[in-house]
Peer 1: 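The structure follows.
Count residues from 1 along the sequence. Just so you know, these numbers come straight off a predicted model, no measurement behind them.
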Amino acid sequence: MLSLETQTSWSTRAQWMIGAATALLVLGFYFLCYRPQIAKQDELAFRIGQIDTELAATKGQTDVLDAVREDVERLKVRLNKVKTLPNQSEFAQFIRDVGMLGTQASLKRLAYTFSQDKPERTDKLNEIPIKFTFEGDFVDIFSFLRHTEELQRLTRIPALTLKSQDKTGQVKAELTMNIYYLAE
């Protein structure tokens with residue numbers, strides 16, 4: 001049997017080996033598991049900080065985006081109200097529109113004449129003068145003129161003559177209306 005001194009020596013060596021193995025396990029765990037996870041956690045915390053800063057900066061931009069969206073909608077509405085210049089004269093459709101407005105305004109004897117000559121041309125657009133004659137109440141004529149101004153097509157009235165026919169408020173009107181279209 002082993003002597004007490006040999007047993008103590010073996011025990012001491014076993015304790016040192018167990019201590020060394022435990023130290024190796026602790027160091028292995030620290031360097032192979034714990035330290036890489038802490039480094040990864042620090043990196044993620046840094047990225048979260050960057051993203052939070054970026055988010056705060058972008059949030060201000062989204063507030064501006066809402067204002068820009070509202071401006072775009074407002075400008076679209078204004079653009080839709082702008083008068084247009086068609087590529088061709090579209091004369092027949094214009095006369096139908098004016099005739100409909102005259103009927104709605106209860107005008108009588110609505111007639112038109114226009115020059116059979118070629119339209120007056122400039123570099124960018126053509127102009128056709130049309131002479132309208134009609135009769136009606138002054139309020140009806142005013143309503144008709146106001147509605148022709150609201151037409152989508154660009155028109156101008158360079159001449160307007162109103163003559164009272166009698167004491168009942170009936171008026172005879174002669175007006176020249178120029179319509180415009182893009183030069184071809």
Peer 1: Would you please name every residue forming a salt bridge (charged side-chain N to carboxylate O under 4.0 Å, His left out) with Lys172, sequence neighbours left out?
Peer 2: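 Once residues adjacent in sequence are excluded, Lys172 has no partner under the salt bridge (charged side-chain N to carboxylate O under 4.0 Å, His left out) criterion.
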
Peer 1: Considering all heavy atoms of both residues, which atom of Ser3 and which atom of Thr6 are nearest to each other, and what is their separation?
Peer 2: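 That would be OG-OG1, 2.9 Å.
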
Peer 1: What pair of heavy atoms forms the shortest contact from Pro129 to Thr176, and how long is it?
Peer 2: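 Closest pair (atom of Pro129, atom of Thr176, distance): CB-CG2, 4.2 Å.
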
Peer 1: Counting C-beta onward and ignoring hydrogens, is there a side-chain heavy-atom pair between Lys163 and Gln170 closer than 4.5 Å?
Peer 2: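 Contact flag for Lys163/Gln170 side chains = no.
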
Peer 1: I need the Met177 CE to Leu160 CG distance, nearest 0.5 Å.
Peer 2: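 Reported to 0.5 Å precision, the distance equals 9.5 Å.
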
Peer 1: Quick check against the 3.5 Å criterion: does Thr103 have a side-chain atom that pairs as donor or acceptor with the backbone of Gly99?
Peer 2: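 Side chain of Thr103 to backbone of Gly99: a pair is present.
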
Peer 1: Is Leu27 reachable from Ile38 through a run of I, L, V, M, F, W or Y residues, each pair having side-chain heavy atoms under 4.5 Å apart?
Peer 2: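 Hydrophobic grouping puts Ile38 with Leu27.
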
Peer 1: Side-chain contact test, heavy atoms from C-beta onward, threshold under 4.5 Å: evaluate it for Leu107 versus Ile141 and give yes or no.
Peer 2: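 Yes, at least one pair of side-chain atoms sits under 4.5 Å.
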
Peer 1: Evaluate the side-chain proximity of Val77 to Glu73: yes if any heavy-atom separation is below 4.5 Å, no if none is.
Peer 2: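 Result no, sub-4.5 Å side-chain heavy-atom pair not found.
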
Peer 1: So, taking the atom named CZ in Phe29 and the one named CZ in Arg35, what distance separates them when rounded to the nearest 0.5 Å?
Peer 2: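 Those atoms lie 14.0 Å apart.
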
Peer 1: Do Val98 and Phe144 come close enough that some side-chain heavy atom pair is under 4.5 Å?
Peer 2: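 A side-chain contact exists here, since the closest heavy-atom pair is under 4.5 Å.
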
Peer 1: Which residues satisfy the salt bridge (charged side-chain N to carboxylate O under 4.0 Å, His left out) test with Asp66, sequence neighbours excluded?
Peer 2: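 Checked Asp66 against salt bridge (charged side-chain N to carboxylate O under 4.0 Å, His left out); matches are Arg69.
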
Peer 1: I need the minimum non-hydrogen distance between Leu162 and Ala173, along with the two atoms involved.
Peer 2: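 For Leu162 versus Ala173, the nearest heavy atoms are CD2-CB, 3.5 Å.
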
Peer 1: Please answer: with hydrophobic residues joined when any side-chain heavy atoms are less than 4.5 Å apart, are Ile130 and Met100 in the same cluster?
Peer 2: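 The answer is no; the residues belong to distinct hydrophobic clusters.
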
Peer 1: Do the side chain of Thr8 and the main chain of Leu4 share a donor and acceptor less than 3.5 angstrom apart?
Peer 2: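 Side chain of Thr8 to backbone of Leu4: a pair is present.
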
Peer 1: Please round to the nearest 0.5 Å and tell me the distance separating atom OG1 of Thr161 and atom NZ of Lys131.
Peer 2: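 That separation rounds to 8.0 Å.
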
Peer 1: As an exercise, state the distance from CD1 of Ile157 to CG of Leu175, rounded to the nearest 0.5 Å.
Peer 2: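 One finds 5.0 Å between CD1 of Ile157 and CG of Leu175.
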
Peer 1: Does Arg13 qualify as a cation-pi partner of Trp10, given the criterion of NZ or CZ under 6.0 Å from the six-membered ring centre and within 45 degrees of its axis?
Peer 2: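 Judged by the rule (NZ or CZ under 6.0 Å from the ring centre, within 45° of its axis), Arg13 counts as positioned above Trp10.
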
Peer 1: Side chains of Asp137 and Val171: does their closest heavy-atom pair fall under 4.5 Å?
Peer 2: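 The answer is no, as the side chains (C-beta and beyond) never meet within the 4.5 Å cut-off.
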
Peer 1: With under 30° as parallel and over 60° as perpendicular, where do the rings of Tyr112 and Phe132 fit, or are they tilted in between?
Peer 2: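 Taking Phe132 first and then Tyr112, their aromatic rings sit tilted (interplane angle of 30° to 60°).
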
Peer 1: CD of Gln50 to CZ of Arg47: how many Å apart, nearest 0.5 Å?
Peer 2: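 Output value for this atom pair is 8.0 Å.
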
Peer 1: Can you tell if the side chain of Asn178 reaches within under 4.5 Å of the side chain of Pro158, non-hydrogen atoms only?
Peer 2: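 Contact flag for Asn178/Pro158 side chains = yes.
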
Peer 1: Search all heavy atoms of Ala105 against all heavy atoms of Asp140 and return the closest pair with its distance.
Peer 2: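 Taking every non-hydrogen atom into account, O-CB, 2.9 Å.
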
Peer 1: Indicate yes or no: at least one non-hydrogen side-chain atom of Gln104 is less than 4.5 angstrom from one of Leu101.
Peer 2: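 SC-SC contact between Gln104 and Leu101 confirmed.
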
Peer 1: Starting from the C-alpha separation in whole Å, work towards a yes-or-no answer on side-chain contact (heavy atoms from CB on, under 4.5 Å) for Phe46 and Asp42.
Peer 2: CA-CA 6 Å; Phe46 178 74; Asp42 289 344; over 6 Å; no

Peer 1: Please determine whether a side-chain nitrogen of the Lys or Arg among Glu135 and Lys108 lies less than 4.0 Å from a carboxylate oxygen of the Asp or Glu.
Peer 2: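 Lys108 and Glu135: not salt-bridged.
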
Peer 1: Would a 4.5 Å heavy-atom cut-off, applied to side chains only, mark Arg109 and Thr133 as touching?
Peer 2: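 The answer is no, as the side chains (C-beta and beyond) never meet within the 4.5 Å cut-off.
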
Peer 1: Should Tyr34 and Phe31 be counted in the same cluster of Ile, Leu, Val, Met, Phe, Trp and Tyr side chains packed under 4.5 Å apart?
Peer 2: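 Yes, one cluster joins them.
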
